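Below: one structure, written as structure tokens.
Every chain is numbered from 1 and lettered A, B, ... according to where its sequence line falls, protein lines coming before strand lines. As the structure is a computational prediction, the values presented were derived from the model and not from experiment. Note that these values count all heavy atoms, side chains included, but never hydrogens, waters or copies made by symmetry.
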Number of protein chains: 2
Amino acid sequence: MRRDVFQGIADPTRREILNMIAHKSLNVNSVASNFDVSRTAIYKHLKILSECGLVVIQQQGRERFCEARLDRLSEVSDWVEQYREVWTKRLDNLEDYLKELQSNKKKHGRKKTR
Amino acid sequence: MRRDVFQGIADPTRREILNMIAHKSLNVNSVASNFDVSRTAIYKHLKILSECGLVVIQQQGRERFCEARLDRLSEVSDWVEQYREVWTKRLDNLEDYLKELQSNKKKHGRKKTR
DNA sequence: TCTTTGTGAAACCAAAAGGTTGCATTATGA
DNA sequence: TCATAATGCAACCTTTTGGTTTCACAAAGA
């Protein structure tokens, strides 16, 4: 199935898996042993992560090592960043507004607002 | 229900909704009219978005205006950014490695690699 | 060779997700 | 006051998700 990075990181267990293998690749059993759900459940999560490119699984003897492809997170990063200007500008405007309220209070005394 | 920002942005329709109201709040019907699924379906997406804090819905007469709270995306941004150093460093290492291969080739001629 | 280890995958299940139709409710405008 | 517009929500449906147990199979080690 063609999968999406956004879908990949939607599940908290999958985010934990990514964190677990971010610095060091682990085989499937090692990953699974850190959770209290079954190995098969973790295997399915790993499969989803590999389907959306966030993990690459390489066979080595009878083990499969799971390597995080964190650079794929740039897709998420890019998506979020396109909105950063919008939200920071909006926060700045709020700040300006609050400052203006303050200065008006000083000039005219307490004023009823709603 | 307590919801998660990661879950909120997991669905492509919801990301489109966010984009649609990023610059200007719209009422529920206006949002829905941009999609070919039912108003109720969009309403449910809006509810999920509001449950995870990405949208605030305010009544105004008989309409409800949906405002994007894009600053909530910082949670996603923060999560991704904690891995940026890891992945850029890894790409740098790869680059160094490729450069080294190049210089070895110059010194010793073409060499079989596998 | 035989047993153990590490894994993939099938079959099954309950709950959640994403969608629909239909109805009730509240403001607005004529 | 009455029709209509904008909406919330219940009831229902199908597909997906996240989990389980079970079995098969290949590689390693004794």
Side-chain angles (χ1 to χ4, degrees), chain A residues 1-21 24-69 72 76 114, chain B residues 1-21 24-69 72 76 79:
Chain A
M1 199 185 297
R2 199 65 241 121
R3 278 237 173 55
D4 192 297
V5 180
F6 290 92
Q7 211 186 334
I9 63 170
D11 185 272
T13 302
R14 287 197 288 272
R15 292 199 297 279
E16 236 183 293
I17 290 177
L18 282 179
N19 192 57
M20 200 168 287
I21 62 176
K24 182 171 163 40
S25 299
L26 294 176
N27 66 23
V28 177
N29 268 347
S30 304
V31 175
S33 66
N34 287 291
F35 295 90
D36 52 1
V37 294
S38 69
R39 174 187 61 83
T40 311
I42 297 300
Y43 170 70
K44 284 192 185 178
H45 283 304
L46 284 168
K47 205 171 174 194
I48 289 172
L49 286 170
S50 84
E51 279 168 359
C52 66
L54 281 167
V55 160
V56 168
I57 302 179
Q58 286 161 322
Q59 183 148 10
Q60 204 166 315
R62 64 183 160 184
E63 302 171 80
R64 314 273 166 121
F65 281 87
C66 308
E67 181 192 343
R69 287 291 308 271
R72 290 306 192 92
V76 178
R114 44 162 268 111
Chain B
M1 198 186 295
R2 199 66 240 120
R3 276 238 176 53
D4 192 295
V5 179
F6 291 91
Q7 211 186 332
I9 64 170
D11 185 273
T13 303
R14 287 198 287 273
R15 292 200 296 279
E16 236 183 292
I17 291 176
L18 281 179
N19 192 57
M20 198 169 288
I21 61 175
K24 182 171 162 40
S25 299
L26 294 176
N27 66 24
V28 177
N29 269 346
S30 305
V31 175
S33 66
N34 287 291
F35 296 90
D36 54 359
V37 294
S38 68
R39 174 186 61 81
T40 311
I42 297 300
Y43 170 69
K44 283 191 188 180
H45 283 305
L46 284 168
K47 206 171 172 195
I48 290 172
L49 286 170
S50 84
E51 280 168 358
C52 66
L54 282 166
V55 160
V56 169
I57 302 179
Q58 286 161 323
Q59 183 148 9
Q60 203 166 314
R62 62 182 160 182
E63 302 170 81
R64 314 273 167 118
F65 281 88
C66 308
E67 181 192 344
R69 286 291 308 271
R72 290 307 192 92
V76 178
W79 184 80

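Under the 3.5 Å distance criterion, the side-chain polar atoms of B:Arg14 are matched with a main-chain donor or acceptor of B:Gln7.
Taken from CG in B:Leu49 to OG1 in B:Thr13, the straight-line distance is 10.0 Å, to the nearest 0.5 Å. Atom CZ of B:Phe6 is separated from atom CZ of A:Phe6 by 11.0 Å, given to the nearest 0.5 angstrom. Of the inter-residue distances, the one linking B:Gln59 atom CD with B:Asn27 atom CG reads 11.5 Å to the nearest 0.5 angstrom. In this structure, B:Gln58 CD and B:Phe65 CZ are separated by 10.0 Å, a value rounded to the nearest 0.5 Å.
Summarising the geometry, the separation between CG on A:Leu46 and P on D:dG19 is reported as 12 Å, rounded to the nearest angstrom. Counting to the nearest Å, the P atom of C:dG18 and the CG atom of B:Leu49 are 11 Å from each other. Per the geometry, CD belonging to B:Gln58 stands 17 Å off C1' belonging to D:dA6, to the nearest Å. In this structure, A:Glu16 atom CD and D:dG18 atom C1' are separated by 15 Å, rounded to whole Å. A straight line from CD1 of B:Ile42 to C1' of C:dT20 spans 13 Å, rounded to a whole angstrom.
Salt-bridge annotation for B:Asp4 and A:Arg15: present, with a side-chain N of the basic residue lying under 4.0 Å from a carboxylate O of the acidic one.
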Show me, pair by pair, the donor-acceptor contacts under 3.5 angstrom made by side chains of residues 35-43 of chain A, not counting sequence neighbours?
unit_1	atom_1	unit_2	atom_2	d
A:Ser38	OG	A:Ala41	N	3.1

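Here C:dT20 is the nucleotide among D:dT17, C:dG18, C:dT20 with the atom lying nearest to any side-chain atom of B:Val37.
A sub-4.0 Å separation between OP1 or OP2 of C:dG19 and a side-chain N or O of B:His45 is present. Under 4.0 angstrom from either OP1 or OP2 of C:dA17 there lies at least one side-chain N or O belonging to B:Gln7. A close approach under 4.0 Å does occur between a side-chain nitrogen or oxygen of B:Arg3 and OP1 or OP2 of C:dA17. Regarding contacts with the backbone of D:dA27, every side-chain N or O of A:Gln60 stays at 4.0 angstrom or more from both OP1 and OP2.
Where A:Gly61 and A:Ser38 meet DNA chain D, the nucleotide closest to each residue was compared, and A:Ser38 sits on the side nearer the 5' end.
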Nucleotide by nucleotide, nucleotides 2-12 of chain C touches protein heavy atoms under 4.0 Å in the pattern (B base, S sugar-phosphate only, - none) --BBSBBBBB-

